[in-house]
Amino acid sequence: MKRSVGRPFGKEVHCFNMKDTFESAQPLTFHADFYGNGRLVYFEGNEKFDVTHTGTVADGRIVLADSGASKIYKVKQRLRLDDDMEDIYSRINTDSFIDQAIQEYKGMRLTLNDPWETAVCFIISQFNNVKRIRMITKRLIDALGSPVYDRDGHMLGKAFPTSEQMSDAGSKVLGSIGAGFRARYLESAARFCSENMDLYGLRRKGYDSLKESLMEIDGVGDKVADCIALMGYGKLEAFPIDTWIKRMLESVYFGKERKGVDVLHAFAEERWGRLAGYAQQYLFHYSRNYKSLHDSNDIRNANIVLS
DNA sequence: ACCCAGGCGGGCG
DNA sequence: CGCCCGCATGGG
């Protein structure tokens with residue numbers, strides 16, 4: 001049966017929480033609009049996606065405003081709707097602390113994003129806060145992104161700038177979007193990724209080799225490389241260690257002892273293995289939303305049972 | 001006025 | 001090689 005263009009098209013989805021997926025501040029969120037009531041609008045390539053989630057977290061439907069089945073496939077991939085969350089939970093639920101995080105944010109997904117866009121968002125994220133990261137990426141898109149039009153020639157919005165567009169724009173434009181000291185990283189990374197390194201060609205690499213390559217990019221260190229591997233390439237074993245995760249791990253799992261990043265990586269790999277990235281996503285979001293966790297009693301009183 | 005924010009690179013001991 | 005420090009901006 002031929003489906004007419006423009007007819008809304010739905011797809012069943014189980015265990016999906018659009019709000020938490022959006023608010024967990026993955027790169028998707030940095031350039032998307034969230035309208036509440038489970039509606040999300042974003043641009044990917046030269047297409048606009050207007051996605052609504054209906055029903056409950058446990059049992060709902062994904063509906064696209066203006067497209068047929070072919071775009072649904074892209075949404076499923078982007079929002080990782082084929083991930084079997086119950087299976088994932090059963091594998092990462094190692095103790096009562098992460099169990100609380102899972103219960104709190106049930107249905108939160110990782111997302112699978114464009115590698116370059118992910119790299120840019122997380123280069124901007126360093127020593128920065130979410131509000132300002134969104135502001136800077138918005139200015140970047142506005143300044144350099146290609147317009148996306150509908151059939152009638154009406155502009156719908158702008159796509160995320162490519163590395164070539166950013167490289168061509170140069171330091172004058174990149175220095176004018178409020179990125180501060182990160183502007184020179186963006187300029188260097190844009191030139192490097194448009195001339196010397198094909199990010200899309202790295203997709204066939206395994207996690208270790210990929211991470212090593214990503215760290216050749218100026219402004220990409222251990223943490224940002226893991227973010228790109230996880231959210232730009234879908235390497236679920238990647239475990240980004242930022243200040244929140246570090247504080248949380250030390251407090252909850254190491255009796256408040258300070259530990260080096262290498263020790264923490266080894267711990268995460270041993271404990272959560274090939275799904276460490278999902279564990280990180282839940283622990284990160286949980287730690288951030290309960291700020292008191294890291295400064296006093298809440299962790300001691302959290303009744304953690306380590307296995 | 002201060003203080004902080006999903007780190008990184010460079011420079012020192 | 002491991003630690004430590006400065007870093008541009010905008011918001012609380």
Side-chain angles (χ1 to χ4, degrees), chain A residues 20-32 101 105 108-111 113 115 117-140 142-143 171-193 211-233 235 238-252 257-266 268 276-295:
Chain A
D20 288 327
T21 299
F22 178 85
E23 289 181 351
S24 58
Q26 300 178 244
L28 169 74
T29 69
F30 294 149
H31 75 282
Y105 301 116
M108 180 172 65
R109 308 273 170 153
L110 283 166
T111 55
N113 308 275
E117 181 177 331
T118 309
V120 170
C121 287
F122 282 103
I123 286 172
I124 292 171
S125 79
Q126 61 180 85
F127 195 45
N128 210 341
N129 59 66
V130 171
K131 179 164 278 192
R132 219 165 78 84
I133 296 163
R134 287 203 169 108
M135 185 175 63
I136 294 167
T137 53
K138 199 157 226 166
R139 286 181 190 154
L140 174 65
D142 201 45
S171 60
K172 191 170 173 76
V173 177
L174 295 176
S176 70
I177 57 173
F181 66 88
R182 307 163 196 82
R184 69 174 186 83
Y185 292 150
L186 295 178
E187 188 188 355
S188 170
R191 187 165 49 248
F192 186 67
C193 290
K211 183 172 174 181
E212 194 179 349
S213 294
L214 293 172
M215 286 177 67
E216 292 175 30
I217 302 168
D218 199 16
V220 176
D222 178 81
K223 186 268 178 183
V224 170
D226 271 328
C227 285
I228 303 169
L230 181 60
M231 300 169 199
Y233 291 86
K235 303 295 184 189
F239 188 84
I241 299 179
D242 58 37
T243 52
W244 292 98
I245 288 292
K246 186 169 191 298
R247 277 195 299 249
M248 181 279 304
L249 288 178
E250 289 166 348
S251 298
V252 177
E257 277 181 57
R258 298 198 58 176
K259 295 290 175 187
V261 170
D262 50 348
V263 172
L264 300 177
H265 273 305
Y278 253 113
Q280 190 271 357
Q281 184 64 19
Y282 278 80
L283 294 169
F284 169 75
H285 200 47
Y286 189 61
S287 301
R288 285 209 48 152
N289 287 351
Y290 292 83
K291 291 182 197 288
S292 58
L293 281 175
H294 66 85
D295 56 41

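Just so it is clear: chains get the letters A, B, ... in the order the sequence lines come, proteins before strands, and each one is counted from 1.
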key: Separation of dA5(B) P from Phe284(A) CZ (nearest whole Å)   = 12 Å
message = So if I take residues 121-128 of chain A and measure heavy-atom distances to DNA chain B, which residues fall below 4.0 Å?
response = Ser125(A), Gln126(A), Phe127(A), Asn128(A)
remark   = Within residues 171-187 of chain A, the residues having a heavy atom closer than 4.0 Å to DNA chain C are Gly180(A), Phe181(A), Arg182(A)
request  = Can you run through DNA chain B from 5' to 3' and write each base as (, ), [, ], | or . depending on how it pairs? Watson-Crick or G-U wobble, both distances under 3.5 Å.
outcome  = .||||.|||||||
message = Suppose we screen for salt bridge (Lys or Arg N to Asp or Glu O under 4.0 Å). Which residues come up paired with Asp222(A), at least two apart in sequence or across chains?
response = Lys211(A)
request  = Give a yes/no on whether any side-chain N or O of Lys246(A) is located under 4.0 angstrom from OP1 or OP2 of dG7(B).
outcome  = no
request  = Specify whether Tyr278(A) and Tyr282(A) have parallel, tilted or perpendicular ring planes, treating 30° as the upper limit for parallel and 60° as the lower limit for perpendicular.
outcome  = tilted
Please list each protein N or O that sits under 3.5 Å from an N or O in nucleotides 11-13 of chain B, with the distance.
none

inquiry  = Going by salt bridge (Lys or Arg N to Asp or Glu O under 4.0 Å), name the residues that satisfy it together with Lys138(A), two or more places apart in sequence or in a different chain.
reply    = Asp33(A)
task = Name the orientation class of the two ring planes belonging to His265(A) and Phe239(A) (parallel below 30°, tilted from 30 to 60°, perpendicular beyond 60°).
result = perpendicular
key: Separation of atom CG in Leu214(A) from atom C1' in dG7(B), rounded to whole Å   = 16 Å
task = Give the nucleotide from the list dG10(C), dG6(B), dG9(B) with an atom nearest to the side chain of Met231(A).
result = dG6(B)
key: Pairwise C1' distance for dC3(B) and dC7(C), with rounding to whole Å   = 15 Å
request  = With heavy atoms under 4.0 Å as the rule, sort Lys223(A) into base, sugar-phosphate or nothing.
outcome  = base
message = Can you check the distance between dG9(B) and dG10(C), where both ends of the measurement are the C1' atom (answer in whole Å)?
response = 24 Å
